[in-house]
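Accompanying notes for the structure given below.
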2 protein chains.
Amino acid sequence: MSPAHQREPHTHDDTAAKEAAILERLRADGGRVTTGRRAIVRALLTGPDHHVTADDVARVVQAEHPDVHLSTIYRTLDALEHLGVVDRVNLGPGGAIYHLTDHAHHHLVCESCGTVIEVRDELFTDLARRLDEQHGFAMPARHLAIVGRCKTCRDEASSRD
Amino acid sequence: MSPAHQREPHTHDDTAAKEAAILERLRADGGRVTTGRRAIVRALLTGPDHHVTADDVARVVQAEHPDVHLSTIYRTLDALEHLGVVDRVNLGPGGAIYHLTDHAHHHLVCESCGTVIEVRDELFTDLARRLDEQHGFAMPARHLAIVGRCKTCRDEASSRD
DNA sequence: GTCGATGCAAACGTTTTGCACACTG
DNA sequence: CAGTGTGCAAAACGTTTGCATCGAC
């Protein structure tokens, strides 16, 4: 899981390669590559958090390209979602989060502090099988979000709840 | 699962008793019982579907009491939620659904047709235990919604997907 | 009469859309 | 140059809130 290397998890070359690959997919789909789209893709790849809202992306992008409009962010994220490059996870009121699909997992969202915990999807395979068997229901393989309460907020709550 | 009785699942007396009990809880909490609230509670008890949106409730209530405002529906549902009488389940865009808490279960929501399937929460106990053990995360005991694809829509999709 | 509930309208935050223009390929 | 992406503004969406008034207890 964690090699002995003391280097950053991703080198710049790594990020640049992924960026190029994604832009290539946009082109392959008949789309165009613009300054705005390049910045949005870069924001998705280099952001500190792997789970970002449209607004998060906008802030990062607009820091360098103030003229990239929020609607462009939404349209581009939508295009990337259709290409299968990003997943959109709806979190009810308060907005959705986006993340790259190369990062397959489910999400535990704390209703109290908003923290997103990633969970390996193997934890859900039993459940998925049973939902299929008993209800014929196909659980999404990715981008499932369960809203509950994280450890920290539970501990805080137990002192006063 | 299905007894031989050919009667309705709930008699009128049954519904009336539940209605009275809920209104009593409102009063016990220092709240008032108004025409609007009575109608809202009745709508929750007698609706054909156990999963209703605020708008669904509004339509039923306003059929008989056109002057009951949507904001009143929201405020009353909110009050009932705080009393623990109803659960609110956020379904991302498209709004939330409400249902009585005496009806403990989780939800499978079809992303394609919107159908809500109820699932016994026992199916989730294994998962809940593991999320607790491995992540310290508390899964909600009720009103969890998993968005996926129901049997019908899967079958339709398989012909063309 | 006190305090809570209501109607109304307006604001909210996120997301979508119609349009004319700008740019990519 | 064809066709796609963009900024902008406005609307859509479900939901919340401030306020004056009404009504329950």
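The sequence lines fix the lettering, A, B, ..., with proteins before strands; numbering per chain opens at 1.
Rounding to whole angstrom units, CG of residue A/L70 and P of C/dT17 are separated by 15 Å. Across the protein-nucleic acid pair, A/R37 atom CZ and C/dT24 atom P stand 12 Å apart, rounded to whole Å. Whole-Å rounding puts the B/L80 CG to C/dG4 P distance at 17 Å. Between A/D78 atom CG and C/dT14 atom C1' there is a gap of 14 Å when expressed in whole angstrom units. Taking atom CG on B/D67 and atom P on C/dA5, their separation rounds to 18 Å, with Å as the unit. Remark: P of C/dG7 and NE2 of B/H65 are 11 Å apart, rounded to the nearest angstrom.
Here B/V147 pairs with B/V109, B/E111 under the side chain to side chain contact (heavy atoms under 4.5 Å, CB included) rule; sequence neighbours left out. B/D121 pairs by the salt bridge (charged side-chain N to carboxylate O under 4.0 Å, His left out) definition with nothing, not counting sequence neighbours. Under the rule for a side chain to side chain contact (heavy atoms under 4.5 Å, CB included), the partners of A/E81 that lie at least two apart in sequence or sit in another chain are A/D78, A/V86, A/R88.
Hydrophobic clustering, defined by side-chain heavy atoms of Ile, Leu, Val, Met, Phe, Trp and Tyr closer than 4.5 Å, leaves B/V60 isolated from every other such residue. Under the 4.5 angstrom side-chain criterion for Ile, Leu, Val, Met, Phe, Trp and Tyr, the cluster partners of A/L131 are A/L108, A/I117, A/V119, A/L123, A/F124, A/L127, A/F137, A/M139, A/L144, A/I146, B/L108, B/I117, B/V119, B/L123, B/F124, B/L127, B/L131, B/F137, B/M139, B/L144, B/I146.
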- Task: For B/K18 and B/D102, run side-chain contact (heavy atoms from CB on, under 4.5 Å): C-alpha distance rounded to whole Å, both residues' side-chain angles, the deciding distance at 0.1 Å, then the answer.
- Result: CA-CA 10 Å; B/K18 287 185 182 175; B/D102 63 2; 3.7 Å; yes
Can you check salt bridge (charged side-chain N to carboxylate O under 4.0 Å, His left out) on B/D126 and A/R130, steps first, answer last? CA-CA 12 Å; B/D126 272 9; A/R130 280 192 267 179; 3.5 Å; yes
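Taking hydrophobic clusters as Ile, Leu, Val, Met, Phe, Trp and Tyr residues chained together by side-chain heavy-atom distances below 4.5 Å, A/L44 does not share a cluster with A/V116.
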What does the list of N/O pairs under 3.5 Å between the protein and nucleotides 18-20 of chain C look like, with a distance for each?
from   : atom 1 : to    : atom 2 : distance (Å)
C/dG18 : O6     : A/R75 : NH1    : 3.3

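A heavy-atom distance below 4.0 Å to DNA chain D is reached by these residues of residues 26-34 of chain A, ordered by number: A/G30, A/G31, A/R32, A/T34. A heavy atom closer than 4.0 Å to some atom of DNA chain D occurs in no member of residues 53-62 of chain A.
Proximity of a side-chain donor or acceptor of A/T101 to a complementary backbone N or O of A/D87 within less than 3.5 Å is not detected. Counting only distance, with no hydrogens or angles, the side chain of B/R25 and the backbone of B/L83 share a donor-acceptor pair below 3.5 Å. Of the possible polar contacts, none joining the A/D132 side chain to the A/R129 backbone as a donor-acceptor pair under 3.5 Å is found. Listed for the A/R120 side chain is no donor-acceptor partner under 3.5 Å among the backbone atoms of A/H105.
The side-chain hydrogen bond (donor to acceptor under 3.5 Å, both in side chains) pairs that include a residue from residues 65-77 of chain A are A/H69-A/S71, A/S71-A/R75, where partners are two or more places apart or lie in different chains. Annotation: salt bridge (Lys or Arg N to Asp or Glu O under 4.0 Å) contacts involving residues 30-43 of chain A, sequence neighbours excluded, comprise A/E19-A/R42.
Regarding contacts with the backbone of C/dT15, a side-chain N or O of A/Y74 is found under 4.0 angstrom from either OP1 or OP2.
On the nucleic acid side, DNA chain D has its first and last nucleotide under 4.0 Å of a heavy atom of chain B at D/dG14 to D/dC25, going 5' to 3'.
At the heavy-atom level, B/A79 lies nowhere under 4.0 Å from the strands shown.
Counting non-hydrogen atoms of other residues, nucleotides and ligands closer than 6.0 Å to CD of A/E64 gives a total of 12 or fewer.
We find the CG-CD distance between B/D55 and B/Q62 to be 8.0 Å, quoted to the nearest 0.5 Å.
Taking the C1' atoms of five terminal pairs at each end of the helix from C/dG13-D/dC13 to C/dG25-D/dC1, the two resulting helix axes are inclined by 30°, rounded to 10°.
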